[in-house]
Amino acid sequence: MHSKERVFSGIQPSGTSHLGTYLGALKNFVALQDDYETFYCIVDLHALTTPRDPKVLRSSVREIAAIYLAAGLDPSRAIIFRQSSVGEHAELCWLMNCVAKVGELSRMTQFKDKTQRGGAEAASVGLYAYPVLQAADILLYNAHLVPVGEDQRQHLELARTLARRFNNLYGDTFVVPEIMIPKTGARIMALDEPTAKMSKSRPTPGGYISLLDEPDEIRRKIRRAKTDSGTEVTATPDKPAISNLLGIYAGLSNRTVPEVEGQYRGKGYGDFKKDLAEVVVEGLSPIRERALELLDDPRELDALLESGAEKARAVARPVLRDAASRMGLD
Ligand code: ATP
Ligand code: LTN
């Protein structure tokens with residue numbers, strides 16, 4: 001039998017996931033499970049790179065597990081697990097730390113952004129090495145494809161560079177992974193500030209739609225969302241706010257932005273926003289309701305994660321052994 005190519009991706013258990021995570025990443029995770037052998041990780045080691053309350057971290061892990069399932073991942077097909085349960089991630093990360101260069105990590109824009117306020121000197125070494133751990137995550141499964149949002153492009157380029165460098169130094173070992181970025185929804189912006197990414201590390205309450213927001217909360221946020229000057233519902237560079245809202249509408253209704261523009265030709269922002277609120281409520285309510293049900297049974301979620309980790313270990317172990325042995329560790 002021809003074996004399926006592999007997909008790997010991950011979401012950090014750091015606060016509740018939002019509409020950007022859904023449209024940029026999670027929606028693709030679900031679509032890919034039919035045709036690929038999929039590995040979807042809850043990257044708790046990555047979440048530790050900025051200080052966390054241990055109790056909150058534990059509950060965030062379950063929350064992401066519930067959201068994965070509620071969004072449509074099927075554990076009989078997709079392997080869902082927690083990164084720290086598979087020790088091979090941290091081990092391969094060390095090996096890749098010895099292949100990555102300080103110069104290339106210093107160029108990572110996410111590190112620069114995240115340390116802008118506190119300064120790089122005060123950042124953890126883990127935050128600096130974050131993209132190396134991400135590369136290890138992907139290479140450990142010889143993943144061909146990595147579905148992510150636009151903000152992860154530079155990290156994926158680094159993963160490709162490290163795979164190629166390792167292969168040149170030690171012989172053909174790793175698959176060089178391809179990035180997969182959706183056509184719509186790759187970079188959802190904050191509703192109150194359309195020049196900033198919708199983000200869970202720096203959320204402003206009105207800018208962010210959580211996957212667990214109540215319908216009325218969603219309606220209120222859309223009603224208050226910033227709009228641009230003018231009246232036409234079009235996605236043009238001078239209309240960053242409306243362009244963002246059109247991207248959300250298109251992503252959640254599985255249509256293209258021009259199709260949605262066509263539907264609102266001759267209509268105003270008010271009509272568009274009213275319908276958009278219902279599109280978002282309809283898209284997210286089933287996820288929210290199912291996730292809350294699943295969260296009522298944390299043991300079941302823990303068991304699911306443990307069974308996923310077992311399957312992940314079986315794939316990761318020989319790949320790590322091979323890489324270590326090629327470096328002379330055996
Ligand atoms: P932070 O907000 O702290 O930077 P994050 O939300 O980007 O974190 P994750 O939750 O781990 O971090 O991201 C999970 C996935 O969601 C990644 O593939 C990321 O590219 C994607 N993603 C996150 N925010 C957006 C967004 N605003 N638009 C599109 N995709 C996004
Ligand atoms: N850095 C990613 C999360 C992440 C990831 C990965 C994504 C960690 N490891 C491997 C894809 C593949 C982020 O979105 N913040």
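Just so you know, these numbers come straight off a predicted model, no measurement behind them. As the structure lists them, so they are numbered: ligands from 1, and atoms in each ligand from 1.
- Atom numbering of ligand 1 starts at 1 in the shown order; those under 4.0 Å from a heavy atom of Q152 are 20 (O).
- Heavy-atom minimum distance, L156 versus I179: CB-CD1, 3.8 Å.
- For ligand 1, the atoms closer than 4.0 angstrom to any heavy atom of A25 are 15 (C), 16 (O), 18 (O).
- For the pair T234 and L246, the tightest heavy-atom approach, listed with the atom from each and the gap, is C-CD1, 3.6 Å.
- No cation-pi contact links K273 to Y269, judged by a cut-off of 6.0 Å to the six-membered ring centre and 45° from its axis.
- Every heavy atom of M189 sits 4.0 Å or more from the atoms of ligand 1.
- Contacts of Q134 with ligand 1, taken as heavy-atom pairs under 4.0 Å, are absent altogether.
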Just do the ring-ring contact (aromatic ring centres under 6.0 Å, His included) check on F8 and H144 with the steps written out, would you? CA-CA 8 Å; F8 185 97; H144 293 82; over 10 Å; no
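- In summary, the atoms of ligand 1 found under 4.0 Å from a heavy atom of G185, numbered by their order in the structure, are 29 (C).
- A tilted orientation is assigned to the rings of Y130 and H155, their planes being inclined by 30° to 60°.
- Considering backbone and side-chain atoms together, K200 places an N or O closer than 3.5 Å to an N or O of ligand 1.
- Residue-environment remark: CZ (R219) exceeds the threshold of 12 foreign heavy atoms within 6.0 Å.
- Counting heavy atoms only, G149 comes closest to atom 21 (C) of ligand 1 of the residues A47, G15, G149, P182.
- With R313 as the fixed residue, the salt bridge (charged side-chain N to carboxylate O under 4.0 Å, His left out) test singles out one of E91, E88, E306: E306.
- Between S17 and ligand 1, not a single N/O pair is under 3.5 Å apart.
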I'd like to know whether K221 forms a salt bridge (charged side-chain N to carboxylate O under 4.0 Å, His left out) with D192, so could you lay out the CA-CA distance, the side-chain angles of the two residues, the decisive distance to 0.1 Å, and finally the verdict. CA-CA 9 Å; K221 287 179 182 174; D192 56 353; over 6 Å; no
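- Interface of I11 with ligand 1, defined as ligand atoms under 4.0 Å from a residue heavy atom, comprises 10 (O), 11 (O), 14 (C).
- With hydrogens and angles disregarded, no donor-acceptor distance shorter than 3.5 Å links the side chain of Q152 to the backbone of G149.
- Checking V148, D151, N244 against atom 19 (C) of ligand 1, the nearest heavy atom belongs to D151.
- The nearest pair of heavy atoms linking L158 to P131 is CD2-CB, 3.6 Å.
- Closest to atom 25 (C) of ligand 1 by heavy atom, among A186, G10, G20, is G20.
- Note on ligand 1: H18 sits in its first shell, one or more heavy atoms being nearer than 4.0 Å.
- Geometrically, ligand 1 and E150 share no nitrogen or oxygen pair separated by less than 3.5 Å.
- Atom CD of E232 sits in a sparse spot, with 12 or fewer heavy atoms from other residues, nucleotides or ligands closer than 6.0 Å.
- Less than 4.0 angstrom separates some heavy atom of S199 from each of these atoms of ligand 1: 1 (P), 2 (O).
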I'd like to know whether D213 forms a salt bridge (charged side-chain N to carboxylate O under 4.0 Å, His left out) with R288, so could you lay out the CA-CA distance, the side-chain angles of the two residues, the decisive distance to 0.1 Å, and finally the verdict. CA-CA 8 Å; D213 275 348; R288 173 175 160 275; over 6 Å; no
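- Near ligand 2, residues F8, S9, G10, Q12, V43, H46, Y130, Q134, D137, I138, V146, V148, Q152 come within 4.0 angstrom through at least one heavy atom.
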Audit row: T16, E63, side-chain hydrogen bond (donor to acceptor under 3.5 Å, both in side chains) steps and yes/no: CA-CA 8 Å; T16 300; E63 195 175 284; 2.7 Å; yes
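- Aromatic ring centres of F81 and Y40 lie farther apart than the 6.0 Å criterion allows.
- Shown in contact with G24 at under 4.0 Å from a heavy atom are these atoms of ligand 1, numbered in order with element: 29 (C), 30 (N).
- Considering backbone and side-chain atoms alike, M198 places an N or O below 3.5 Å from some N or O of ligand 1.
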